[in-house]
Amino acid sequence: MTIRALAAAFFLLYGLLLPVAAPAFMEANFFATQAMMGSCLVISVLLWSGRALLLNILIAFYVFKVYLTRPYVDVFLPKLNSGQINYINANNAFFNPSDAAVVYLSLLSLLLAWLFGLLIAQPKKTRVVTPPWIFRWMDQIVSTANFRFWLVLILLGVLTYRAPTESWQGLATGEGSPLFAFGLLNMETIYFACLAVFLVSRQPGVRKASPILVVPILVSAVLGTAGGGRGALFNVMIFTFLYWIYLNSGKRIGTRDLKRIIVLILLMPIVIFSGLSAQLIRPLLRTGADAGIVWGAVLASLDVFNPDNPLVTTVYFGLTELLHRVSNLQAQFLIMNDHFINIPWESYNPLQSMMRTMNDLVPGELFPNMLGINQLFHHIYFNEGVTYSSHMWSIQGTLYLYFGLWLSPVIVVLMAYAVGRYYPQWGHLAKISPTFALFWIFLVNDLIENGTVERIIPVDVVRPLTTFLGVILLVKLADMLFPAKRRLKPALLNTS
């Protein structure tokens, strides 16, 4: 059995077992559960078909994480006290059977439309293509990883670092110190690029890259957890897992693959523990506690044998919070069921989206007095003014707001048809160029999960490209200052 077939079988079995594994949820949400089972079947067929595989892997993971884990988010609820239960129920008040039926049946229709579009598309005849020059240069620079690269990496890491308390207070007040290079350099992109290059270098026939490339992303994950990032380590593990599945999708499962899967399962408690630890120190960061107090709380949370450790005493509550955070469907429920206070189209439309995007791309404001995308959701659905809100509109929500319930599947069919025609070349580039794959994985994931132009263009297009360009220029400058015998030449990672 291949890895792709195993993934397809997992979703098929997951869907078939839902009535047995979650009977209470099915009884309360019959139509939503049927739609879940249908969605699992469609995803299984998508993965089995092998068409647009990387995109379907990303779609499958997103749907599983956000929609298909919903029956189990309250598994620890009986172990909570009354105050904790009231808190969870208050945050989950949006979920009800009638609204759930609309959301999940809409999800099923979009997945069916995507499958239909891919199946009717006749892929264009492939030809030899190479990644754009910026990705070729980054692949070569990162895979070579000489001291000039590490010098630039450390320099930019120091210059772009921002204290966690400052970041959290900036979110609360909307104010903060100016960002280095106007925030256009995102070092997380480079850290993940190092990880992607390392993963590709483990493939047969590819020049092996140094394991040291994994160090930057691990250090970043530890600092991110200490900075209150619940998904810092989770994101690293998931990116590694999904990209590894794509790179090895056609490979038959062997002993080494089973060992890797076992290691992944064994690492899950560490990932969950890091999320709980980050969740615990968030209140300290919001109040502006200094670094010593924050790190003290982090280290104290590591002592799992201390009965007074707050992480241990509230572990079930923390896990329930994390599960609800993972399956965060409030935005979809409010959007798809028209639970708005202010009419969405008046402020969430293509014209105003482009105006907000331009405001985010330039210093100052080209269009003053406009609500930012992180303020807009609360304005529309709660009639509240906030500085920052992390609601994810999702591609499902944006399609509904732009095209309505019935036209959205038609748009998805057209999108899938276009993808099916041109994917083979794109998929080939994603396998031979790790930075090309990284760029598109982050972009597509945010397109699916966030669904707003205001985030995708600045965060997933402009920032990564300016970061790559900045690193390339600085490494070339370092190469001039410290000349090597052989200068770097742009080349594909696996053809050197």
Looking at [atom1] of [X] and [atom2] of [Y], how far apart are the two atoms once the value is rounded to the nearest 0.5 Å?
{"X": "Y62", "Y": "L242", "atom1": "OH", "atom2": "CG", "answer": "14.5 Å"}
{"X": "L401", "Y": "N349", "atom1": "CG", "atom2": "CG", "answer": "10.5 Å"}
{"X": "I190", "Y": "L438", "atom1": "CD1", "atom2": "CG", "answer": "8.5 Å"}

Is the side chain of [X] donor-acceptor paired with the backbone N or O of [Y] at a distance under 3.5 Å, no angle test?
{"X": "R356", "Y": "V453", "value": "no"}
{"X": "N342", "Y": "H379", "value": "yes"}
{"X": "Y14", "Y": "L68", "value": "yes"}
{"X": "S249", "Y": "Y246", "value": "yes"}
{"X": "N450", "Y": "D446", "value": "no"}
{"X": "R136", "Y": "T130", "value": "no"}
{"X": "N92", "Y": "I88", "value": "no"}
{"X": "N248", "Y": "K251", "value": "no"}
{"X": "S327", "Y": "L323", "value": "no"}
{"X": "S408", "Y": "G404", "value": "yes"}

Report yes if the side chains of [X] and [Y] come closer than 4.5 Å at any heavy-atom pair, otherwise no.
{"X": "E188", "Y": "I217", "value": "yes"}
{"X": "L115", "Y": "L111", "value": "no"}
{"X": "D460", "Y": "F439", "value": "no"}
{"X": "F25", "Y": "L18", "value": "no"}
{"X": "L77", "Y": "Q84", "value": "no"}

Classify the side-chain pair [X]/[Y] by whether it contains a donor and acceptor separated by less than 3.5 Å.
{"X": "S389", "Y": "N374", "answer": "no"}
{"X": "T467", "Y": "N186", "answer": "no"}
{"X": "T387", "Y": "Q375", "answer": "no"}
{"X": "Y400", "Y": "D338", "answer": "yes"}
{"X": "D99", "Y": "N96", "answer": "yes"}
{"X": "Y316", "Y": "E321", "answer": "no"}

Once you measure the plane-to-plane angle for F11 and F64, does it fall in the parallel (<30°), tilted (30-60°) or perpendicular (>60°) bin? perpendicular

Please state whether the rings of W440 and W426 are parallel, tilted or perpendicular, taking 30° and 60° as the class boundaries. perpendicular

Kindly state each residue pair satisfying salt bridge (charged side-chain N to carboxylate O under 4.0 Å, His left out) with at least one member in residues 55-84, sequence neighbours excluded. K65-E449

Assess whether atom [atom1] of [X] is packed by more than 12 heavy atoms of other residues, nucleotides or ligands within 6.0 Å.
{"X": "F10", "atom1": "CZ", "value": "yes"}
{"X": "W244", "atom1": "CH2", "value": "yes"}
{"X": "E384", "atom1": "CD", "value": "yes"}
{"X": "R421", "atom1": "CZ", "value": "yes"}

Hey, would you say the [X] and [Y] ring centroids sit under 6.0 Å apart?
{"X": "Y104", "Y": "F31", "result": "no"}
{"X": "F317", "Y": "Y87", "result": "yes"}
{"X": "F468", "Y": "F436", "result": "no"}

My understanding is that only residues two or more places apart in sequence, or in another chain, count here; which of them pass side-chain hydrogen bond (donor to acceptor under 3.5 Å, both in side chains) with N56? W114

Just one of F94, F377, F333 clears the ring-ring contact (aromatic ring centres under 6.0 Å, His included) bar with H391, so which one? F377

Applying side-chain hydrogen bond (donor to acceptor under 3.5 Å, both in side chains), run through Q396 and Y67 and close with a yes or a no. CA-CA 12 Å; Q396 182 186 23; Y67 295 87; 2.5 Å; yes

Considering all heavy atoms, the nearest M237-M268 contact: CE-SD, 3.2 Å

Quick one: is the NZ or CZ of K124 closer than 6.0 Å to the six-membered ring centre of Y422, and within 45° of its axis? no

Go through the steps for Q352 and S347 under the test side-chain hydrogen bond (donor to acceptor under 3.5 Å, both in side chains), then give the verdict. CA-CA 6 Å; Q352 294 211 7; S347 51; 5.4 Å; no

Working for side chain to side chain contact (heavy atoms under 4.5 Å, CB included), residues F135 and M138: CA-CA 5 Å; F135 300 112; M138 279 305 304; 5.7 Å; no

